[in-house]
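So that the names make sense, note that chain A is the first sequence line, chain B the second, and so on, each numbered from 1.
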Amino acid sequence: MDTLTLILLTTISPLACFIIAIIFLVQQPRAAQGLVLFGSAVSLLSAIGLLAQGPVEPLRFLWFQSGAIQLQFGFILDGPSLMFGVVVAFITACIMLYSIGYMAHDPSKTRYFAMLSFFAWSMLSFVYAVDLLQSFIFWELVGLSSFFLIGFWFEKPEAAGAARKAFLMTRVGDVGLFIGILLILQLVSNFDIPSLLDPQTGLSTQVSPGILNAITLLIFIGIMGKSAQFPLHTWLPDAMEGPTPVSALLHSATMVAAGVFLMIRLHPLFMAAQDTALIVLSIATFTAILASTIAMVDTDIKKVLAYSSISQLGFMLMALAAGSLFAGVFHLITHAVFKALLFLCSGIYIHAYHTNSMAEIGRSGGRRLKATTIGLIIGGAALSGVPPLAGFWSKEEIFAQLGHNGFNIYMAGAFLAAFLTAYYTFRMIFLITKPDQAPASDHSHPEPLNMKAPVLILTLGAIALGFFGSNIAHGLGLIPQHHSVILMIPTVGVVILGILIAYLDYGRDNAPRTGFISKIAPLNTLFTNKWYIDEVYRVTIVAITHALSRILHWIENHVLDGNYDRFGLGILRTGVKSTRIQGGWMQLYLGWAIILLAVVALYLGLQ
Amino acid sequence: MTLESYLLVGAALFSLGLIGALSHRNLIAVLIGIELMMNAASLNLMAFNRFVVTDPTTGQIFVLIIIGLAAAEVAIFLSIILRIYRAYHDIDAEKLTKLSG
Amino acid sequence: MLEQAVIYTFVAFVLIGGGLAAFSRQILYAIIGLGISLLGLAGLFLNLGSPFVAAMQVLIYIGGITVAIVFAMMLSIAMSIRPPDPDARKLGFAIACAVIFFGAVAHLIRGAQFQQIASPASEKAWSVGALGHALLTHYNVVFETLSLVLLLAIIGAILIARKALPKENS
């Protein structure tokens, strides 16, 4: 098959499944789920086919032309999009398979699967988009579909609120992104991504560094919203209200990954804008540490994973901002796999024990679900960066990059975040596998096969993916650098330290089962309350908004309405006054008529 | 007498009629004023007919029409006056303000 | 010279009669003023070369309309006998209107350039015969319309002025 057919199959089949399912199969959820799964498989196979063909020239179709501005619709088929397209299709397929079990008893299954398919379509189209505007459209569609999925159980007020929060928070960022895109349009009248990135003739050669910094910073605001970076990260933990497979999808390959992927896509621009890169680096490092500290103290397994996603996204952006495309892509891909795995495992626990609390899961006998627990441990270890699992290699790459480019402060921050990551991951693992009291009774049923299968596949992925680093580098057209073993020692060191402390706090027999951080009360309070960021928002932005709306309300009532009222009353009064002219005294009318006649006659006669 | 002097006499007569029509409260006086104004118009037409128009029948016929219309108008006006008098027992123009806003 | 004197006499009739009609508080004097004014006007018409129109003016206006107004006065006697108090404001307004109007028109007349014909058309064109012929040929539509208007005016006057029919007992 030629490239065009493949790319169309990849992107269009989920859309077709979505349309068919949502229109025709509402009453046949089994048929819908089969169709959607089939579409997802087609999409995955086509994406793999594309990857096998290797990078080719972008396909462009003229959408419309307005003056000098050409808007194109097309597909960019270079290393990042090909690889990430496969990852998206793969994770989506796994999660759909898993959802068959997880959502087995949900009454609106068709809607769920249709939306998953829609989500896959948006994300895949975003990944392959060649035009900046096309990117933006699908970027927004990704946001929209995650809104639908987070709010899937919209009967629950928390879910509806979380969906709204996610939508609005990302919208804040999207405003920045959109302004950035419009600036690009205004400055160079060109939306074609490859030509914008061209080192000889691209955007960075056409505008001054200040403008470039401004544009990239605006785009980064969009990325901040989408990839949940401080200070726009608070929507992501709330988004856990959606079904767990949705969380898995949201946190691994779609939605949050879209932000990172946009940065990968526009990486040369960010590299040309040195100031922006530094800002990104600072924010990403801070976010990574901030999210890790919150994950340290949270008790909800999904929240812990959510904060860990935020922190890992911070890692990816750090890598990209530090200048390594490879490290960013690599960590994005490995994180997609092991984070999906972790979420699916947590989904199985939640499904089996109907609780989100890690301690509860442990007490209920979480470790009896063997396959799941193995998946959790492997995924957790990969997340922490235990060699030789996937996360180790990609994180190692990030550290190497930070060290190589001399970002020492940031490297220290990254080490701190990595230490915390290892700590909170193993805290989670120990809380589940080493409960403080023996499970009361064994009423758990083994996980169904269609839920187990994706977990197993992803476990294998989390183990093996790390060894494909050089293939990914080749796919990006880069030559992988081999780092000396000595450089790995601190990396492994902080991970082991983290695991050790987690073992001392939670893992060993007679462990205190309280984090070391609880000995430092102020910090503990700070972390438990999520650094009071939501509260800060409440007293600042929300309060300001309220105040502003009150002011506007006053203006509305007294200035706008008041003036219109006055205007209307004035007309009324004028009318009342002018009725005196209309006194019914016909001689007055006649007199005025004659005077007018005389004036008109004079006017006409004098011309 | 020249055309201008006839026209000035016509204008003066019209102004007198206007004063009559506007200043009196008695509807009959108002009617008299209106008659004066119409006659002023007639005078104008006759003067133009004499000094400007080549076919002198035009103006005369115009004036005859005005006379005829005046007759019709007076008939209507008088019947209205009678009607008003019957309704209000008065023909004061200032009291007929039913159309007042 | 005598002719001039006659004409100025007629003009004086017109204006004095008009003044009487306009300013008199007694309605009967006003009617008399109107009659005088109309008579002067008829004289002017005669002077302008149209004996027929002058005759019609005397017949219809003085003989018909003025008399009709006298009847109206007698039928609505109350106000005509006891004229209401003069209203200076109203009179002022009326005079102001009249002055403005007269000023404007006089100004226009002074400024206007009329294309006057050298001498009046032949006596024959002014004759009653010519008028009658024109009325029945060239102006026949106007003639018929006028008769229709008069008919309607008569019917309308009757309709308006008649007493309301006694209402049927219900």
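Neither the backbone nor the side chain of S147(C) comes within contact range of chain B; no heavy atoms are under 4.5 Å apart. Contact annotation for I7(C): only side-chain heavy atoms (C-beta onward) come within less than 4.5 Å of a heavy atom of chain B. When heavy atoms are compared at a cutoff of 4.5 Å, F143(C) does not approach chain B at all. In this structure, chain B has no heavy atom under 4.5 Å from any part of F71(C). Y61(C) touches chain B through its side chain: at least one heavy atom from C-beta onward sits under 4.5 Å away, while N, CA, C and O do not. Proximity to chain B (any heavy atom under 4.5 Å) is restricted, for L38(C), to the side chain, taken from C-beta onward. Contact of V142(C) with chain B is made through the side chain alone, with heavy-atom distances under 4.5 Å. Residue contact with chain B, scored on non-hydrogen atoms closer than 4.5 Å, involves the backbone and the side chain of Q57(C) alike.
The shortest side-chain heavy-atom distance between V63(B) and F45(C) falls under the 4.5 Å cut-off. Looking only at side-chain heavy atoms (C-beta outward), L43(B) and L48(C) come within less than 4.5 Å of each other.
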Could you walk me through whether T58(B) and Y139(C) pass the side-chain contact (heavy atoms from CB on, under 4.5 Å) check?
-> CA-CA 9 Å; T58(B) 318; Y139(C) 295 107; 3.4 Å; yes

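Separation of the F48(B) and F114(C) ring centroids falls under the 6.0 Å cut-off.
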